[in-house]
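Notes follow once the structure below has been shown.
What's counted below: heavy atoms across the whole structure, side chains too, no hydrogens, waters or symmetry copies. Below, chains carry the letters A, B, ... as their sequence lines are ordered, and counting in each starts from 1.
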There are 4 protein chains.
Amino acid sequence: MGDTMDGTKHQRRGNTRQRIQDVALKLFAEQGYEKTSLREIAEHLDVTKAALYYHFKTKEEIIVSLFEDLTQPIEDLIEWGRSQPHTLETKQEIVRRYSAALAGAQPLFRFMQENQATVRELRIGDTFKERMKGLKEIIIDPEAEMVDQVRSISALFTLHAGMFVLADLEGDPEKKREAVLEVAVDLVTQAHEGARGRR
Amino acid sequence: MGDTMDGTKHQRRGNTRQRIQDVALKLFAEQGYEKTSLREIAEHLDVTKAALYYHFKTKEEIIVSLFEDLTQPIEDLIEWGRSQPHTLETKQEIVRRYSAALAGAQPLFRFMQENQATVRELRIGDTFKERMKGLKEIIIDPEAEMVDQVRSISALFTLHAGMFVLADLEGDPEKKREAVLEVAVDLVTQAHEGARGRR
Amino acid sequence: MGDTMDGTKHQRRGNTRQRIQDVALKLFAEQGYEKTSLREIAEHLDVTKAALYYHFKTKEEIIVSLFEDLTQPIEDLIEWGRSQPHTLETKQEIVRRYSAALAGAQPLFRFMQENQATVRELRIGDTFKERMKGLKEIIIDPEAEMVDQVRSISALFTLHAGMFVLADLEGDPEKKREAVLEVAVDLVTQAHEGARGRR
Amino acid sequence: MGDTMDGTKHQRRGNTRQRIQDVALKLFAEQGYEKTSLREIAEHLDVTKAALYYHFKTKEEIIVSLFEDLTQPIEDLIEWGRSQPHTLETKQEIVRRYSAALAGAQPLFRFMQENQATVRELRIGDTFKERMKGLKEIIIDPEAEMVDQVRSISALFTLHAGMFVLADLEGDPEKKREAVLEVAVDLVTQAHEGARGRR
DNA sequence: TATGAATGAGCTTTCATTCAT
DNA sequence: GATGAATGAAAGCTCATTCAT
């Protein structure tokens with residue numbers, strides 16, 4: 001198998017790992033992590049379960065690898081954010097970049113959003129939490145009023161929710177993303193100015 | 001069995017159904033639906049698995065029953081909303097009442113939020129979706145600009161997120177709830193006036 | 001419950017035992033013994049499982065009671081047969097009476113025929129076997145040629161099979177029964193004369 | 001595991017599927033389908049239940065596979081029968097071949113005979129019924145008198161019953177089989193000539 | 001790089017049965 | 001004459017994982 005000269009079948013030239021990740025992410029996002037079995041993934045790829053174990057030591061490692069491969073941009077974003085001054089412009093830029101980062105790994109974030117209970121028990125849970133904390137730190141002014149802190153967090157959540165909930169809403173997807181972004185930027189701006197305004 | 005005078009053990013006088021619901025909800029919210037086995041629930045209650053089946057026909061029915069018992073207030077809210085004029089005051093009141101309703105069934109909503117992938121496959125999935133649609137309809141002005149529609153949805157999601165994400169944030173819980181509510185009311189107000197203001 | 005003066009509901013005046021037997025036999029015959037649960041029987045009667053246990057000590061006892069109540073005619077037939085001379089007329093009469101007896105307890109015999117593997121393990125298994133042995137003894141001449149012994153047994157089995165297999169065959173039921181009877185009588189006659197003829 | 005040189009244990013070289021079928025058929029025939037659990041089969045083979053599921057998707061598939069593997073001769077017989085003229089010789093030959101076919105798959109047919117209620121609910125039920133219909137069609141003259149139709153069916157049933165009921169009867173097995181066959185051939189002959197004779 | 005064969009643990013569910021009321 | 005509540009045992013089945021080849 002996989003050894004035909006013409007390569008009609010099984011032309012996988014070492015990209016199996018990739019294909020596993022792709023299929024797994026798709027299924028995890030659609031059905032949830034626990035409801036997706038390795039058998040199912042294997043069948044979709046027309047390989048055996050054992051083959052998956054050649055590429056990944058456990059089921060968990062598949063989702064971990066996806067997480068690590070796809071969330072680098074967010075890690076980068078946080079690092080960038082930390083080096084910037086806490087100005088309004090910075091915060092707005094962070095929101096913009098975060099929106100772009102989310103859009104770039106939609107299925108993963110959909111998965112994370114819809115399987116929080118599961119994620120919490122997985123190894124990625126803590127990493128994710130820390131990342132969220134990092135984001136908060138660079139966007140929230142710890143001395144601001146509670147309302148404004150909530151506003152900042154709300155900005156982030158608006159971006160998250162925007163990705164999935166708005167799927168039901170009619171309208172051009174690109175326009176929707178822009179609208180979501182505008183609201184988020186707005187929130188972060190109000191948070192920033194509120195803090196300043198009330199001084 | 002069930003014969004001790006002090007009633008310490010086995011004082012189950014017909015409250016077993018309730019106790020099952022309580023424990024199940026707690027565990028479902030903590031660990032997720034699939035990761036919570038009936039064995040685990042039964043052990044927590046010191047009964048056998050079979051006893052669960054005396055009270056509920058399936059595992060799914062447990063969560064369904066919780067859903068039906070606990071979401072009545074929201075159904076009522078939607079019905080009330082439909083009968084009101086689409087004024088700003090109404091929308092604000094809806095947000096306030098929704099906040100209260102969420103607070104009244106925290107664990108269930110935490111479960112729903114954190115197990116969306118699971119819920120979607122369960123029988124409650126559709127009901128929940130429709131309920132959300134109902135909420136949107138009474139809070140969103142379909143002729144408003146996209147940004148304002150997003151703002152309205154963001155208000156709802158701020159309430160949702162507020163319940164759980166803010167747990168990490170330090171501060172008095174009651175104060176936090178008020179802050180969240182204020183932001184949500186703000187958003188819905190902006191949505192309403194934006195629509196009006198730009199006319 | 002069951003105590004209303006008008007008796008609209010639960011007018012069962014002590015005939016519950018009967019009703020259990022009726023429903024049980026119907027279900028056992030339709031679905032088999034193992035596939036029929038006490039829950040199912042109870043639901044058909046609109047009583048609880050526990051009620052069945054008031055009338056019968058075990059599930060097995062239900063089928064045993066049916067067997068005992070319904071196979072008396074065959075026991076009688078055998079006793080009668082034993083007291084008769086082993087003439088052709090006797091044998092023919094036995095076949096005729098056996099046919100009538102089978103017709104009188106169709107569902108039970110259908111059950112016995114279609115659940116032999118089960119029956120064998122039940123308490124009635126041995127009783128049934130002995131009854132069959134009794135029948136054979138009064139219809140088979142132990143000194144006859146093997147072929148003629150087979151013919152006698154075949155006569156009995158033709159009657160058995162006739163009851164169920166012929167259901168598929170088109171034609172008036174009464175006519176079919178007569179035809180079956182004729183073939184059986186024929187077989188037993190040939191068996192008797194063959195034995196005699198070859199002497 | 002599976003590494004001993006002498007191969008006493010775990011010499012399973014791919015014959016496990018076969019061994020499962022063998023043991024399963026034996027137990028199904030002895031105790032009935034429902035009373036035979038997969039645990040029991042697995043224990044007899046000294047493997048785990050899960051191993052059975054590697055080879056068969058469900059319990060039902062085990063019996064289905066047996067049916068498909070073992071009833072080919074009968075299917076062939078029916079096909080052959082259809083291509084032959086409806087002469088007496090053909091019918092007699094069919095009876096003879098059917099007798100041989102039954103003898104070749106005794107345990108399966110014993111199972112089918114003794115678990116009819118179960119078989120009816122299984123996937124093989126319909127196939128079996130059709131096969132029986134096929135047999136009837138090539139052996140019964142639809143224009144013959146009812147008695148003669150019954151005689152033909154009786155021939156088939158004599159063969160069936162012969163296999164099991166006669167186990168109790170003393171005498172050389174081979175002789176018994178011959179006797180049964182003779183009676184069956186006789187019946188089919190009478191059926192054929194009766195039809196002819198009464199014209 | 002993969003497969004074939006298997007395992008051990010665990011799952012949801014069903015069943016016959018019991019017993020205090 | 002019956003119910004409500006529960007049990008212990010077992011069933012069929014699925015899953016992540018292993019390992020020799």
Side-chain angles (χ1 to χ4, degrees), chain A residues 1-3 10 12-14 16-17 34-42 45 47-62, chain B residues 1-3 10 12-17 34-42 45-60, chain C residues 1-3 10 12-14 16-17 34-42 45 47-62, chain D residues 1-3 10 12-17 34-42 45-60:
Chain A
M1 276 175 214
D3 55 355
H10 305 311
R12 56 177 86 112
R13 289 182 289 265
T16 304
R17 197 190 141 94
E34 345 261 350
K35 297 259 281 191
T36 303
S37 68
L38 294 185
R39 180 180 54 64
E40 210 176 348
I41 296 175
L45 292 166
V47 294
T48 59
K49 268 187 292 175
L52 305 184
Y53 278 89
Y54 178 81
H55 295 281
F56 299 94
K57 269 210 285 282
T58 66
K59 184 184 181 186
E60 187 169 350
E61 220 191 53
I62 299 181
Chain B
M1 281 175 212
D3 53 355
H10 303 309
R12 50 179 87 110
R13 272 190 301 268
N15 59 340
T16 305
R17 197 189 139 96
E34 350 259 350
K35 297 260 280 189
T36 304
S37 69
L38 296 184
R39 178 185 52 68
E40 211 176 347
I41 297 176
L45 291 166
D46 206 36
V47 294
T48 61
K49 272 180 292 168
L52 306 186
Y53 278 91
Y54 177 77
H55 295 280
F56 299 94
K57 270 207 284 285
T58 63
K59 184 184 180 185
E60 187 169 350
Chain C
M1 277 176 215
D3 53 356
H10 305 309
R12 55 179 87 113
R13 291 182 289 264
T16 304
R17 195 189 140 94
E34 347 261 350
K35 298 259 280 188
T36 304
S37 68
L38 295 185
R39 179 181 53 63
E40 210 176 348
I41 296 174
L45 291 166
V47 295
T48 60
K49 268 185 295 173
L52 305 185
Y53 278 89
Y54 178 80
H55 295 280
F56 299 93
K57 268 210 287 282
T58 65
K59 184 184 181 186
E60 187 169 350
E61 220 191 51
I62 299 182
Chain D
M1 277 175 213
D3 55 354
H10 301 310
R12 51 179 87 109
R13 271 188 303 265
N15 58 340
T16 305
R17 198 190 140 93
E34 349 259 349
K35 298 261 278 189
T36 304
S37 69
L38 294 184
R39 180 185 52 68
E40 210 176 349
I41 297 175
L45 291 167
D46 205 35
V47 293
T48 61
K49 271 183 292 170
L52 305 185
Y53 278 92
Y54 177 77
H55 294 281
F56 299 93
K57 269 207 283 283
T58 63
K59 185 184 180 185
E60 186 169 350

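Residues E60(D) and L38(A) each lie close to DNA chain F; by heavy-atom proximity, the contact nearer the 5' end of the strand is made by E60(D). Of the two residues contacting DNA chain E, namely R17(D) and E40(B), the nearest-nucleotide position lying further toward the 5' end is that of R17(D). Where T48(A) and T36(B) meet DNA chain E, the nucleotide closest to each residue was compared, and T48(A) sits on the side nearer the 5' end.
Atom CG of L45(C) and atom P of dA2(F) are 10 Å apart (whole Å). Following rounding to the nearest Å, R39(D) (CZ) and dG8(E) (P) show an atom-to-atom distance of 16 Å. One atom, CD1 of I41(B), and another, P of dG10(E), lie 17 Å apart when rounded to the nearest Å. In this structure, the NZ atom of K49(D) is 13 Å from the P atom of dC11(E), given to the nearest Å. Separating the CD atom of E61(A) from the C1' atom of dT17(F) is a distance of 13 Å, rounded to the nearest angstrom. Residue K35(B) contributes atom NZ, which lies 18 Å from atom P of dA9(E) at whole-angstrom precision.
Of all the heavy atoms in K35(A) and E40(A), the pair that sits closest is O-OE1, 3.7 Å. Shortest non-hydrogen contact noted between A42(B) and T48(B) is CB-C, 3.8 Å.
With hydrogens and angles disregarded, a donor-acceptor distance shorter than 3.5 Å links the side chain of K59(D) to the backbone of T36(D).
In this structure, the side chain to side chain contact (heavy atoms under 4.5 Å, CB included) partners of F56(B), at least two apart in sequence or on a different chain, are R17(B), I20(B), Q21(B), E61(B), I62(B), S65(B). Scored by the side chain to side chain donor-acceptor pair (under 3.5 Å) test, E60(B) finds no partners at all (sequence neighbours excluded).
For the pair T16(C) and dA2(F), the criterion of a side-chain N or O lying under 4.0 Å from OP1 or OP2 is met. Not one side-chain nitrogen or oxygen of S37(C) sits closer than 4.0 Å to the OP1 or OP2 atom of dT14(E).
Applying a 4.0 Å cut-off to non-hydrogen atoms, the residues of residues 50-58 of chain C that approach DNA chain F are A50(C), A51(C), Y54(C), H55(C), listed by residue number.
The structure places CG of L45(D) at 8.0 Å from OG1 of T16(D), a figure rounded to the nearest 0.5 Å.
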Discussion item. One pair to check against side chain to side chain contact (heavy atoms under 4.5 Å, CB included): Y53(D) and L38(D). What are the steps and the verdict?
Written reply: CA-CA 10 Å; Y53(D) 278 92; L38(D) 294 184; 3.1 Å; yes

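With a cut-off of 3.5 Å on both pairing distances, the Watson-Crick and G-U wobble pairs of DNA chain F assemble into stems of 3 or more at E:2-21 with F:2-21.
For K59(C) and dT17(E), a side-chain-to-base donor-acceptor distance below 3.5 Å is absent, hydrogens and geometry of angles not being considered.
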